[in-house]
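Take a look at the structure below.
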Amino acid sequence: MENTSTPTHCPYCALQCGMNITPLPQGGVEVTERPDFPVNRGALCGKGRTAAQVLSPAVRLTAPLVREGGRLVEAGWPEALDRIAERLSATRERYGADAVGVFGGGGLTNEKAYTLGKFARVVLGTSQIDYNGRFCMSSAAAAGTKAFGLDRGLPFPLEDVPKTGCVILVGSNPAETMPPSLRFFTELRENGGTLIVVDPRRTRTAEQADLHLAPRPGTDLALALGLLHLVVAEGRTDEEYIRERTTGWAEARAAAMAHWPEHVERITGVPVPHLREAVRMFCEPEAAMVLTARGPEQQSQGTDTVGAWINLCLATGRAGRPLSGYGCLTGQGNGQGGREHGQKADQLPGYRKLDDPAARAHVAGVWGVDPDSLPGPGRSAYELLDALGTDIRALLLMGSNPVVSAPRAAHVEERLRSLDFLAVADVVLSETAELADVVLPVTQWAEETGTTTSLEGRVLLRRRAVAPPPGVHSDLHVLHELADRLGVEKGFPTDPEEVFEELRRASAGGPADYSGITYRRLTEENGVFWPCPQEAAGTGGGAGGAAPAGAGAGGSAVGDGEDATPAALPDGPAADTGALDGRSPVDAGRAPVVPPVHPGTPRLFLDAFATADGRARFVPVVYRGTAEEPDGEYPLLLTTGRVVAQYQSGAQTRRVAELNAAAPGPFVELHPRLAARLGAAEGDRVAVVSRRGRAVAPARITSAIRPDTVFMPFHWPGEGRANTLTNPALDPTSRMPEFKSCAVRVEVLGPGR
Ligand SMILES: Nc1nc2c(c(=O)[nH]1)N[C@H]1C(S)=C(S)[C@@H](COP(=O)(O)OP(=O)(O)OC[C@H]3O[C@@H](n4cnc5c(=O)[nH]c(N)nc54)[C@H](O)[C@@H]3O)O[C@H]1N2
Ligand SMILES: Nc1nc2c(c(=O)[nH]1)N[C@H]1C(S)=C(S)[C@@H](COP(=O)(O)OP(=O)(O)OC[C@H]3O[C@@H](n4cnc5c(=O)[nH]c(N)nc54)[C@H](O)[C@@H]3O)O[C@H]1N2
Ligand code: SF4
Ligand SMILES: [Mo]
């Protein structure tokens, strides 16, 4: 390891940029370019470039902390772990297993997410586990599952983007949230394709667009219905595709026909000529894509909204065909893998359903437990946080900072304080860790090996490059030690590869099948796209065929897995090829000495969708507005989001000087007309007030925002915490809170300092 660089991936967002970690002669490490990874080709944003600074003991936790007389004081590992085990078991004895909750994160590696879910179900026996991904892409996941029978954020690699004819980016700001990915959109335009951006703000991404639609926050559902109306009215539907590859068109069509363009203009504020132009740009080329991110998804009608955008794709034959499709740009480092392996309230590994008897039997078999011992589905993330201190008395939290990032955060903070016991594992003393009774200091990305699954569905290996500081252990070590103390000695290994081997078996035959992926392959290939069953179904089977070993490698062979999808899906036409059960006798006769390796599946749905009949389903949607419409008292809409130099709750990036210099604190974006009406000047302190509370930050006056809307980034705690204001109204299907719109008023407090 000495003096050589180790190839790995960024700790932050779902683009999972490749980078090298290189030790420095004077100690410490630096992040250097890794041009061989095809997604970012060496490019990194400021967060990735500075990520190694958070490895420094100066900014992180290096010893466990326990609460003594109201204060957190350093303690040894055995004492800290004993205390957690004692309190969790006492809570369970007194109030029952469901009084212990677990909260995870989409930044955790697959190995950690898998182990955390297993720990909750097998060791604690609790149904009360969920994670921050619920706040992220859950609406897109729900809609994708409804329509296609499977949720993988992007059904194609990003390298397809420049080759399509038109991309509609809905509520996505990659110029700030995934800067190296902007290249794909620039190349799209250089190749003659067009980019449409839908965002209430003229963001840096919208500035690159051929057409920018700026709807009122929370009205994307009406916008998508209006576009579909025009598609029908202008005779631009693909009738043959609708007949052969979909079901449910009649209802979807009827819903769209009720949305006349003028009516949609009134709801969204997007002028009819712009709607017509968008339809023309989307329908004229041979292929086109719709990509959504948090803008339309973090809504109390997010699932229907994404469904309406999917319906637009289906009506025009733009899904399950080359260079066409609907995709969701997932957010967190392991936002994709983190939603597949069981830290979600209703889920078992391999994207299986916890209420499916066959799934329970399979996973219980891998875990060596009675299927009846597995609890049922639990509460969603916000509902779980809301139940703290009442139904849930003790919480183990790993990989999230809800004091800053949860909706109605003052209430969530108060619920966390009301717990009998809170244990937090983190790399830094986050605002949530500050409230804990025990804090455990854990290792970070560069100090441990593990897999993540990028927004493309590409499973990647992060490699250990440096030793952690003394006194710091991995999350897997924490779960192993706690399991042991709680009476489960086996089944919680600390070696990530051992965990991954078990995950492969647990996921085999499930929708997210990883059984054909090994650490060895991941070191040789630039990632493998799931589903990847253990072996190709042989030459006669329905799967990817006997592709040569290594054919799934990143860039070059990306097209090789196109025909591989159905075999890996439970309900697909070739569902019972028996991923782990070996080849059929016929195949065995012709089999090479080395069993065929499944190439992975860069592109989904080209032959069939993952539904029982192979057809996509139009999602039945009915228009409804935002849960909290403005009124006399709260006349404006607040929307929230991100800036390029800070990541999420800021727990990590607020510890990097260069990033703080670029983005020192929160602000409130106001349109010049609104500012004039309020009497606010640039930099004035303004209070934004909602029914949940009040946040104070300097005004930033910009014509890039709608006059009826204000924007705040959510990366900071304290008086400028955007989530003090947000509305926990939940989507009925995905249970996503309404981060992207709530009613507020703005009060000018006076000149800033
Ligand atoms: N710098 C940085 N990068 C990140 C992250 C970070 O915290 N910081 N986090 C990562 C994670 S976990 C995620 S989920 C992604 C998120 O990535 P994005 O979804 O790109 O980020 P956001 O800023 O939350 O929202 C995107 C846009 O939605 C717009 N928007 C707001 N309301 C609406 C609406 O009602 N409709 C529409 N159409 N648009 C609306 C906002 O103006 C914003 O420009 O970023 C990832 N990358
Ligand atoms: N208003 C508003 N609120 C939002 C959003 C929004 O757009 N607007 N977006 C939502 C979205 S999309 C998301 S994803 C959430 C994210 O919000 P959070 O869940 O708070 O995300 P992070 O800040 O990434 O928190 C991760 C925590 O885990 C720690 N950590 C990092 N790696 C590890 C590890 O390997 N192990 C352990 N144990 N800890 C680790 C970090 O130091 C940090 O404290 O915020 C949501 N909140
Ligand atoms: S874009 Fe995302 S993955 Fe790439 S360097 Fe920045 S934070 Fe890391
Ligand atoms: Mo996210």
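As the structure lists them, so they are numbered: ligands from 1, and atoms in each ligand from 1. Computed from a predicted model, the values in this text were never measured in an experiment. In this chain, numbering begins with 1 at the start of the sequence shown.
Summarising the local packing, CZ of Arg700 is surrounded by 12 or fewer heavy atoms from other residues, nucleotides or ligands at distances under 6.0 Å.
Residue contacts with ligand 1, taken as heavy atom pairs separated by less than 4.0 Å, do not involve Met137 at all. Under 4.0 Å from ligand 2, the heavy atoms of Ala651 that appear belong solely to its side chain. At a heavy-atom distance under 4.0 Å, atoms from both the backbone and the side chain of Ser400 approach ligand 2. The backbone of Val644, and not its side chain, has at least one atom closer than 4.0 Å to an atom of ligand 1 (non-hydrogen atoms only; backbone = N, CA, C, O). Counting heavy atoms closer than 4.0 Å to ligand 1, residue Pro217 contributes atoms from both its backbone and its side chain. If you look at Leu108 next to ligand 2, the close heavy atoms, those under 4.0 Å, all belong to the side chain. Under 4.0 angstrom from ligand 2, there are no non-hydrogen atoms of Gln444. Only the side chain of Gln299 comes within 4.0 Å of ligand 1, counting heavy atoms alone; its backbone N, CA, C and O stay farther away.
Distance from atom 4 (C) of ligand 1 to its nearest protein heavy atom, with residue and atom name: Thr177 O, 3.5 Å. Atom 47 (N) of ligand 2 has its closest protein heavy atom at Ser405 O, 2.7 Å. Among protein heavy atoms, atom 32 (N) of ligand 2 sits closest to Gln652 NE2, 4.3 Å. Nearest non-hydrogen protein atom to atom 25 (O) of ligand 1 is Lys740 CE, 3.6 Å. Looking at atom 43 (C) of ligand 1, its nearest protein heavy atom turns out to be Asp199 OD2, 3.3 Å. Nearest non-hydrogen protein atom to atom 46 (C) of ligand 1 is Gly331 O, 3.7 Å. The protein heavy-atom contact nearest to atom 16 (C) of ligand 2 is Gln648 NE2, 3.5 Å. Here the heavy atom of the protein found nearest to atom 14 (S) of ligand 1 is Arg294 NH1, 2.9 Å. Protein heavy atom nearest atom 36 (N) of ligand 1, with residue, atom name and distance: Asp220 OD1, 2.8 Å.
Using a cutoff of 4.0 Å between basic side-chain nitrogens and carboxylate oxygens, Arg339 and Asp151 are scored as salt-bridged.
The closest approach between any non-hydrogen atom of Arg642 and ligand 2 is below 4.0 Å. Heavy-atom distances between Lys112 and ligand 2 reach below 4.0 Å in at least one pair. Ligand 1 has Pro200 within reach: a non-hydrogen atom of the residue lies less than 4.0 Å from it. Heavy atoms of Val643 approach ligand 1 to within less than 4.0 angstrom. Proximity of Arg216 to ligand 1 is not established, as no heavy-atom distance is less than 4.0 Å. Using a 4.0 Å cutoff on heavy atoms, Gly399 counts as a contact of ligand 2. The shell of residues lying under 4.0 angstrom from ligand 1, judged by heavy atoms, excludes Glu297.
Residue Val442 has at least one heavy-atom neighbour below 4.0 Å for each of these atoms of ligand 2: 36 (N), 37 (C), 38 (N). The ligand atoms of ligand 2 that sit less than 4.0 angstrom from a heavy atom of Ser430 are 44 (O). Every atom of ligand 2 with a heavy atom of Val428 under 4.0 Å away is listed here by number and element: 42 (O). Of all atoms in ligand 2, listed by their number and element, those nearer than 4.0 Å to a heavy atom of Cys136 are 12 (S), 14 (S). Heavy-atom proximity to Val427, at under 4.0 Å, picks out these atoms of ligand 2: 42 (O). Under a 4.0 Å criterion applied to the non-hydrogen atoms of Asp475, ligand 2 contributes the atoms 34 (C), 35 (O), 36 (N), 37 (C), 38 (N). Counting atoms of ligand 2 from 1 in the listed order, those under 4.0 Å from a heavy atom of Met398 are 38 (N). Which parts of ligand 2 touch Asn401 is read off a 4.0 Å heavy-atom cut-off, strictly below it: atoms 18 (P), 19 (O), 20 (O), 25 (O).
In this structure, of Gly171, Pro296, Cys13, Ser181, the residue bringing a heavy atom nearest to atom 28 (O) of ligand 1 is Gly171. Summarising the contacts of atom 3 (N) of ligand 2 with Val424, Thr109, Asn723, the nearest heavy atom is found in Asn723.
Under the 30°/60° scheme for interplanar angles, the aromatic rings of His473 and Trp77 are found to stand perpendicular.
Checked by distance only, ligand 1 and Gly218 come closer than 3.5 Å through their nitrogen or oxygen atoms. Polar contact check, Gln646 against ligand 1: a nitrogen or oxygen pair lies under 3.5 Å apart.
With hydrogens and angles left out, the side-chain atoms of Thr653 and Gln646 include a donor and acceptor closer than 3.5 Å. Of the N and O atoms on the side chains of Asp130 and Gln343, not one donor lies less than 3.5 Å from an acceptor on the other residue.
Seen from the ring of Phe492, Lys118 counts as a face-on cation partner, given the 6.0 Å and 45° thresholds. Geometrically, Arg201 engages Phe711 in a cation-pi contact defined by less than 6.0 Å to the ring centre and at most 45° from the axis.
In this structure, the ring of Phe739 has its center less than 6.0 angstrom from the ring center of Phe135.
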